[in-house]
Amino acid sequence: MCRLIKIMAVSVLVSLMLCSCSEMGDDPGSSAMYAAVTADTVPKEPETVMPVSEASETETVTSVSETETIQTETVTEKTAAAAYDMPEEFYIKLDELTQKYPHYNMYDVSLAYTDFGTGFTFMINPDKHYFSASVMKAPYMMYIYRLALDGKADLGQKLVYTQNFFREGTGVLKDMEFGTEFTVEELIGYALEESDNAAFAMLRALYPEDGYTEFMESLGITHDEDSRAFNQPQICCESSLILTRSVYDFITEGNKYSENLEYHMTHSRNALILGGEGSEVVRKYGWYEGYLHDMAVVLCENDYGLTIMTNFDKLPVNTREYRFFWDLSSLIAEFSGQLTESEENQDNEVIIYIERPEVKEMALPKDPYMLLSVVNMKLRDQYGNLDALCDDMEAVPADISAALEGVGYQYDAGSNQFVPIPEEEESQQEES
């Protein structure tokens with residue numbers, strides 16, 4: 001695990017340090033913010049927002065002209081004259097929180113927080129890119145709403161769901177009969193609330209990606225890979241700051257469709273990012289294989305945007321992974337109202353970089369959590385299986401397995417990782 005170090009500006013790299021970690025518990029604590037999160041929020045299956053052929057999707061839907069684009073004003077960050085910062089206690093608690101999750105490699109976690117009132121920004125690994133999964137459905141639906149505001153989209157237009165648009169993964173259209181009709185507005189709702197892949201495919205065929213790409217560029221997105229809707233679309237903190245600001249501007253400007261977007265995104269399933277008591281969280285999550293993200297606008301006394309991006313590297317997603325999001329977003333919510341003016345932080349931002357860990361060839365650590373971190377990293381980067389690692393490190397596979405089973409992990413040959421033991425198996429082991 002790493003110890004986070006607070007730095008100013010963007011020129012300093014923070015080395016990753018392996019630390020002794022206390023045993024992680026499954027009790028989410030007594031915070032009222034956990035009350036609304038139930039087992040029903042855990043996804044049953046991953047999303048599959050993968051590249052598909054535009055030609056196959058345009059056979060049954062007449063698309064908007066590829067030369068027809070939407071013009072929007074570039075969003076300007078509203079910053080105050082003064083510079084701000086979080087209290088020092090926030091950074092201490094952040095460091096303590098990251099040590100609770102030893103199965104996380106913090107190199108593969110990014111975060112972007114911005115306070116819309118002061119412009120203060122806090123980021124972890126801001127330029128690291130991840131496969132965006134369904135996070136991009138939020139800006140795509142906002143793009144369609146902007147087209148409608150310009151008279152270039154009819155939200156009442158009816159589209160027919162055909163086999164051509166069948167998609168596996170998340171959504172409810174896949175269980176409906178072919179030939180069912182939906183309005184554009186209904187499909188937007190399915191895409192945002194259910195993260196429906198089939199609904200998204202139908203809308204993307206009607207409103208092609210070239211217009212969406214220009215729309216993203218008009219918002220100020222500078223990374224080409226972050227402006228795509230297929231062919232491995234990416235997301236990073238720098239882009240997510242622009243997107244959360246754009247969503248916030250859209251829902252607060254009081255246009256004809258502001259309430260539509262706000263309603264759909266506040267009813268999005270799978271609560272990863274939590275807000276404080278009395279807040280409203282406008283969110284869009286994304287999940288594909290090892291990637292799990294949530295991008296949100298939190299409406300409260302001091303509105304802010306927050307995005308958390310992770311790469312589990314095929315680690316099974318369960319309540320342990322959700323709890324990382326809950327704890328981290330709850331910490332942000334706790335301190336978001338405590339920003340104070342800072343003479344030291346003249347840039348009005350704090351950025352933390354975490355380097356990819358370079359583990360020296362040495363005896364494997366005895367601490368089980370450090371052992372878990374080192375072994376999983378070596379299995380991922382250097383060895384094809386546990387036996388190969390043990391041969392090279394002069395270790396006994398049974399000894400490593402026994403040590404990690406003692407803290408709730410077992411070797412999975414399919415992913416070549418030590419993964420959390422399913423809760424039912426843990427119970428059986430305890431009973432025996």
Side-chain angles (χ1 to χ4, degrees), residues 41-53 101 103-111 124-125 128-140 166-171 174 191-192 194-201 204 223 225-226 228-237 239-240 268-273 283-295 307-326 328 356 372-373 375-386 409-422:
T41 64
V42 179
K44 301 297 188 297
E45 57 183 328
E47 296 173 328
T48 52
V49 185
M50 296 301 291
V52 294
S53 170
Y101 296 90
H103 63 292
Y104 252 105
N105 176 0
M106 288 300 293
Y107 170 81
D108 292 319
V109 172
S110 292
L111 179 146
I124 298 175
N125 296 332
K128 181 175 176 62
H129 278 79
Y130 303 80
F131 178 65
S132 64
S134 283
V135 166
M136 48 125 167
K137 289 174 182 172
Y140 213 105
F166 176 82
R167 296 291 185 275
E168 293 286 358
T170 55
K174 64 182 180 181
L192 291 175
E194 301 291 339
S195 203
D196 197 293
N197 294 327
F200 183 50
R204 198 174 62 196
H223 301 291
E225 60 270 39
D226 295 358
R228 296 197 295 259
F230 63 98
N231 290 333
Q232 295 299 312
Q234 303 289 301
I235 189 71
C236 70
C237 281
S239 295
S240 74
S268 176
R269 71 192 191 107
N270 298 323
L272 296 177
I273 288 177
R283 64 161 57 83
K284 183 67 194 80
Y285 89 108
W287 178 25
Y288 180 77
E289 290 188 348
Y291 299 98
L292 183 64
H293 322 305
D294 202 9
M295 181 178 70
T307 302
I308 302 173
M309 293 167 279
T310 65
N311 177 9
F312 291 100
D313 199 19
K314 298 183 180 179
L315 192 69
V317 175
N318 55 32
T319 53
R320 299 181 192 222
E321 279 55 64
Y322 267 45
R323 190 158 289 114
F324 179 83
F325 280 79
W326 299 340
L328 191 52
R356 178 180 289 278
L372 173 67
S373 178
V375 168
N376 268 352
M377 183 172 60
K378 286 182 172 294
L379 288 173
R380 181 186 64 189
D381 297 338
Q382 297 176 247
Y383 300 99
N385 54 60
L386 180 60
Y409 288 81
Q410 65 184 9
Y411 180 65
D412 175 60
S415 62
N416 192 30
Q417 291 281 282
F418 277 89
V419 301
I421 298 174

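Every heavy atom of this structure was used, including side-chain atoms; hydrogens, water molecules and symmetry mates were not.
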Q.
Donor-acceptor check, side chain of N125 to backbone of C237, threshold 3.5 angstrom: yes or no?
A. no

Q: Kindly say whether K284 contributes a backbone atom to a donor-acceptor pair with the side chain of S268 at under 3.5 angstrom?
A: no

(Q) Using only atom types and a distance under 3.5 Å, with no angle test, would you say the side chain of Y411 pairs donor to acceptor with the backbone of L386? (A) yes

Q) When you measure from the side chain of W326 to the backbone N and O of L328, does any donor-acceptor pair fall under 3.5 Å? A) no

Q. Looking at C236 and M309, what are the two nearest heavy atoms and their distance?
A. C-CE, 3.5 Å

Q.
So, taking the atom named CZ in F131 and the one named CD in E225, what distance separates them when rounded to the nearest 0.5 Å?
A. 13.0 Å

Q: To the nearest 0.5 angstrom, please state how far the CZ atom of F324 sits from the CD1 atom of I308.
A: 7.0 Å

Q.
Applying side-chain contact (heavy atoms from CB on, under 4.5 Å) to I235 and Y291, what does each step give before you reach the verdict?
A. CA-CA 11 Å; I235 189 71; Y291 299 98; over 6 Å; no

Q: State the OG-OH distance between S134 and Y288, to the nearest 0.5 angstrom.
A: 11.5 Å

Q | Shortest non-hydrogen separation from D108 to Y130 and the atoms involved | A | C-OH, 3.4 Å

Q | Minimum heavy-atom distance M295-A138, with the two atoms named | A | CE-CB, 4.1 Å

Q) Has the side chain of S240 got a donor or acceptor atom that lies under 3.5 Å from a matching backbone atom of T307? A) no

Q. Nearest heavy-atom pair of P420 and Y409: which atoms, and what distance?
A. N-CD2, 3.5 Å

Q. Looking at F325 and L292, what are the two nearest heavy atoms and their distance?
A. CZ-O, 3.3 Å

(Q) Could you go through H129 and H223, starting from their C-alpha distance and side-chain angles, then the distance that decides it, and tell me whether this counts as side-chain contact (heavy atoms from CB on, under 4.5 Å)? (A) CA-CA 10 Å; H129 278 79; H223 301 291; 3.7 Å; yes

Q) Can you check whether I273's main-chain N or O pairs, donor with acceptor, with D294's side chain at less than 3.5 Å? A) yes

Q: Answer yes or no: is there a donor N or O on one side and an acceptor on the other, between the side chain of N197 and the main chain of G171, under 3.5 Å?
A: no

**Q.** Value rounded to 0.5 Å, distance of CD in Q234 from CG in D226
**A.** 7.0 Å

Q | For the student: nearest non-hydrogen atoms of S415 and D412, plus distance | A | OG-OD2, 2.7 Å

Q. Atom CZ of R269 and atom CD of E194: how far apart are they, to the nearest 0.5 Å?
A. 6.0 Å

(Q) How long is the straight-line distance from NE2 of H293 back to CZ of R283, given to the nearest 0.5 Å? (A) 15.5 Å

Q: Could you tell me whether a side-chain N or O of N376 sits under 3.5 Å from a main-chain N or O of F418, the two making a donor and an acceptor?
A: yes

Q. So does K137 pair up with D196, basic N to acidic O under 4.0 Å?
A. no

